[in-house]
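Have a look at the structure below, then the notes.
The first residue in the sequence is number 1, and the count goes up from there. For the numbers below, each heavy atom of this structure counts, side chains included, while hydrogens, waters and symmetry mates do not.
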Amino acid sequence: MIFTSDDLTALRITLELSLLTTLLLLPLATPVAWWLARTAHRARPVADAMVALPLVLPPTVLGFYLLLFLGPHGPLAGLGLPSLAFSFTGLLIGSLVYSLPFAVQPLRDAFSALGSQPLEAAATLRAGPLDRFFTVALPLARPAYFTAAALSFAHTLGEFGVVLMVGGNIPGRTRVVSIAIYDHVEALDYGRAHSLAALLLVTSLLLLIVVYTLNRRARTWKP
């Protein structure tokens, strides 16, 4: 058998983590991207930097501070909440933070590219702010949602540093595929490491090809 039972469990956890992260990130990133695209507030550069910070910060640094925040002696514990470190929920929170720029930036660029004319035209038809957003801005930004979903999902598939710091390496609970690959390499079991690595490589590549193809068709589609 190519994969052990532990490998299959790690695959299941990885897919669940990637899917949940993507599903939660899109609605969370939308208002952030909209505000960044439309505001002229002087705090925007700071907000842009905060969103982009996971792109340049070493994953272990981000994971370390998340571990302190979610751990038994962090702010959550001070509020009487249970520790989320070394749990799937902690992994999910870490993935949301680490993958945030991969969802926000495509949406922000799409909202910025809309310009003001479509929204002003809708306003002349007495469309309110919410109507303009849901009936004009969101449909026109649809290709960016494909991109944001693809990047968020693919990026979460390959997380290592953050998930290791926040979730540890607990079989059946927090061990994801990237950590399972590392374990196989440590054990000099290169065959099983290659099987998992090749699976991630092919899955990520196919996912990106499909989504970018759909994205391209959506950009050129005309009713």
Fill in: Test item: F153 and F102 side chains (from C-beta on) under 4.5 Å apart, heavy atoms
no
Item to complete: Could you state whether L201 and I181 fall into the same hydrophobic cluster, counting links through intermediate Ile, Leu, Val, Met, Phe, Trp or Tyr residues with side-chain heavy atoms under 4.5 angstrom apart?
Response: no
Practice prompt. For S95 and T156, indicate whether the former's side chain and the latter's backbone hold a donor-acceptor pair under 3.5 Å.
Written response: no
Fill in: hydrophobic_cluster_shared for M165 and F160, side chain cutoff 4.5 Å
no
Item to complete: Give a yes or no on whether the backbone of L84 and the side-chain of S87 come within a donor-acceptor separation of less than 3.5 Å.
Response: yes
Worksheet item: Stepwise, does the side-chain hydrogen bond (donor to acceptor under 3.5 Å, both in side chains) test hold for D7 with T4?
Response: CA-CA 5 Å; D7 290 342; T4 65; 3.2 Å; yes
Worksheet entry | Pairwise distance CG(L11) to CZ(R175) - rounded to 0.5 angstrom | 12.0 Å
Discussion item. Does F111 form a side chain to side chain contact (heavy atoms under 4.5 Å, CB included) with F133? I'd like the steps, not just the answer.
Written reply: CA-CA 10 Å; F111 290 145; F133 178 75; 4.2 Å; yes
Item to complete: Measure the spacing between CG of L17 and CZ of F88 and express it to the nearest 0.5 Å.
Response: 5.0 Å
Worksheet item: Counting heavy atoms not belonging to L130, are there more than 12 under 6.0 Å from its CG?
Response: no
Discussion item. Tell me whether L19 shares a hydrophobic cluster with L26, the cluster being built from Ile, Leu, Val, Met, Phe, Trp, Tyr side chains joined at under 4.5 Å.
Written reply: no
Practice prompt. Answer yes if L140 and F134 sit in the same cluster of Ile, Leu, Val, Met, Phe, Trp and Tyr residues linked by side chain heavy atoms under 4.5 Å apart, and no otherwise.
Written response: yes
Worksheet item: Quick one: which of V61, L55, T60 gives a side-chain contact (heavy atoms from CB on, under 4.5 Å) with L57?
Response: V61
Worksheet item: CG of D48 to CG of L36: how many Å apart, nearest 0.5 Å?
Response: 5.0 Å
Worksheet item: Taking a hydrophobic cluster as the set of Ile, Leu, Val, Met, Phe, Trp and Tyr residues connected by side-chain heavy atoms closer than 4.5 Å, whether directly or through intermediates, do L96 and L91 fall within one such cluster?
Response: yes
Item to complete: To the nearest 0.5 Å, tell me how far T135 OG1 sits from L119 CG.
Response: 9.0 Å
Worksheet item: Considering only heavy atoms from C-beta outward, does the side chain of P171 approach that of T9 to under 4.5 Å?
Response: no
Fill in: Where S112 and A37 come nearest, the two heavy atoms and their spacing
OG-CB, 3.4 Å
Fill in: Side chain to side chain, L196 and L200, heavy atoms closer than 4.5 Å
no
Worksheet item: About how many Å separate CG of L157 and OG1 of T22, when rounded to the nearest 0.5 Å?
Response: 8.0 Å
Item to complete: Would you name the heavy atoms of W34 and A137 that are closest together and state the gap between them?
Response: CZ3-CB, 3.7 Å
Worksheet entry | Worked verdict on W35 versus R108 for side chain to side chain contact (heavy atoms under 4.5 Å, CB included) | CA-CA 8 Å; W35 184 80; R108 181 201 59 196; over 6 Å; no
Worksheet item: With a 4.5 Å heavy-atom cut-off, do S99 and E159 have their side chains touching?
Response: yes
Discussion item. I want to check something: taking the side chain as every heavy atom from C-beta on, are V56 and L53 in contact at a cut-off of under 4.5 Å?
Written reply: yes
Worksheet entry | Spacing of R142 atom CZ and T147 atom OG1 [to the nearest 0.5 Å] | 12.0 Å
Item to complete: Look at the aromatic rings of Y98 and H155 and report parallel, tilted or perpendicular, splitting at 30° and 60°.
Response: tilted
Discussion item. To check you understand the geometry: which heavy-atom pair defines the closest contact between R38 and S116, and what is its length?
Written reply: NH2-CA, 4.3 Å
Discussion item. Between Y145 and T30, does the side-chain hydrogen bond (donor to acceptor under 3.5 Å, both in side chains) criterion hold? Intermediate values first, please.
Written reply: CA-CA 9 Å; Y145 278 89; T30 295; 2.9 Å; yes
Worksheet item: Taking C-beta and beyond as the side chain, do V32 and V51 meet within less than 4.5 Å on heavy atoms?
Response: yes
Worksheet item: Do T21 side-chain atoms and S152 backbone N/O form a donor-acceptor pair below 3.5 Å?
Response: no
Worksheet item: Quick one: does L92's side chain get under 4.5 Å of L24's, heavy atoms only?
Response: yes
Worksheet item: Can you name the nearest heavy-atom pair linking A193 to V185, along with the distance?
Response: CB-CG2, 3.8 Å
Practice prompt. State, to 0.1 Å, how close L207 and A150 come at their nearest heavy-atom pair, and which atoms those are.
Written response: CD2-O, 4.1 Å
Worksheet item: Just wondering, do R173 and F86 contact through their side chains at under 4.5 Å, heavy atoms?
Response: no
Worksheet, complete the sentence: Of all heavy-atom pairs linking G172 and I13, the shortest is C-CD1, 3.6 Å
